[in-house]
Amino acid sequence: MTQKTDHILEARNIKKYFPIKGGIMKRTVGHIKAVDDLSLSIVKGETLGIVGESGSGKSTLGRVILRLLEPTDGRIYFENEDISKLKNRQLRPLRRDMQIVFQDPYASLNPKMNVQELIEEPLLVQTSIKKRIREEKAISLLEKVGLRADDRLKYPHEFSGGQRQRISIARALSLNPKFVVCDEPVSSLDVSIQAQVLNLMADLQEELNLTYLFIAHDLSVVKHISDRLAVMYLGRLAEIAPKKNLYENPLHPYTQALLSSVPSTDVLNRRQKIILKGDLPSPANPPSGCGFRTRCPKAHDRCAVERPELMDAGEGHMVACHLYA
Ligand code: SF4
């Protein structure tokens, strides 16, 4: 089924539940609701940043959107085509257009392959282009990500963490994708290197007209690269807005708490730090009503009995909180 919109990607009512097995018979005794009825769309050429604590479901969402994990329910449209139910064989051509950069460049690069082989591997699997062209492409990609042509004969262990992530990016770009899920690509890097890799990704986006879904656990990381930001909590969207609106006027108490812990250089307008009580509840046993109510400083009676849905707060700003109903 196809539908016409300006979105390169649209996810509708996505659920991803992982079964919990128990007893001698290993029966399903419950579910971890990693993503629970979440909808969002991404416009061609933009970067949508997704932020949330560890366990919020953001990485699972990225993998479901790419169909690396099967959705339990919901629809995924890529360039207006419903890809939710496509079989592996039908997904194969789409894999060229949709790529992922993983968090850990140490684990995601095969240590037995040299850089040339690592970058050429997707081309070998997905295309029939000749060896000489593949080699030229690998050199060109290495130079694009700030490495030298000579580096192609080295192995991953010969590089620093930042350089390895550059190799991962070159590999992800080898098939000329349109859409890239960036799953915490700078979280494992030193702060000084993070900015270099983020700048590289922003430059490549402009040069190659890429669309990014950029996942992070820290609002300060996604601030510069994102056009819009979505905040996830317990598998659901708490808030989504254009970057400026979200930073200047956060509506959801969870977003307000996250932003209050981002270091600010603006001495006159520093936010008062909001300390959240407790930990993220288990997605296997989420609280009734609003998932955030056990930690929310503004929780009231209604929050325990009714789950807030995303509401339009104007100018593309949506929030799921009863305070704005
Ligand atoms: S719905 Fe209630 S508990 Fe949830 S964020 Fe809003 S005020 Fe807090």
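As the structure lists them, so they are numbered: ligands from 1, and atoms in each ligand from 1. Along the sequence shown, residues carry numbers from 1. Predicted model only: the values in this text are computed from it and were never measured.
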task: For K154 and Q163, run side chain to side chain donor-acceptor pair (under 3.5 Å): C-alpha distance rounded to whole Å, both residues' side-chain angles, the deciding distance at 0.1 Å, then the answer.
output: CA-CA 12 Å; K154 295 184 186 166; Q163 287 172 324; over 6 Å; no

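- Here the straight-line distance linking atom CG of L280 with atom OH of Y254 works out to 6.5 Å at 0.5 Å rounding.
- Between the side chains of S174 and R134, no donor-acceptor pair of N or O atoms lies under 3.5 Å.
- More than 12 heavy atoms of other residues, nucleotides or ligands shown are found within 6.0 angstrom of CG on D312.
- Ring orientation note: the planes of Y17 and H31 are tilted relative to one another, at an angle of 30° to 60°.
- Defined by atom type and a distance below 3.5 Å, a donor-acceptor pair is present between the side-chain atoms of S168 and Q165.
- For atom 4 (Fe) of ligand 1, protein N/O/S neighbours under 2.8 Å (waters excluded) are C290 SG.
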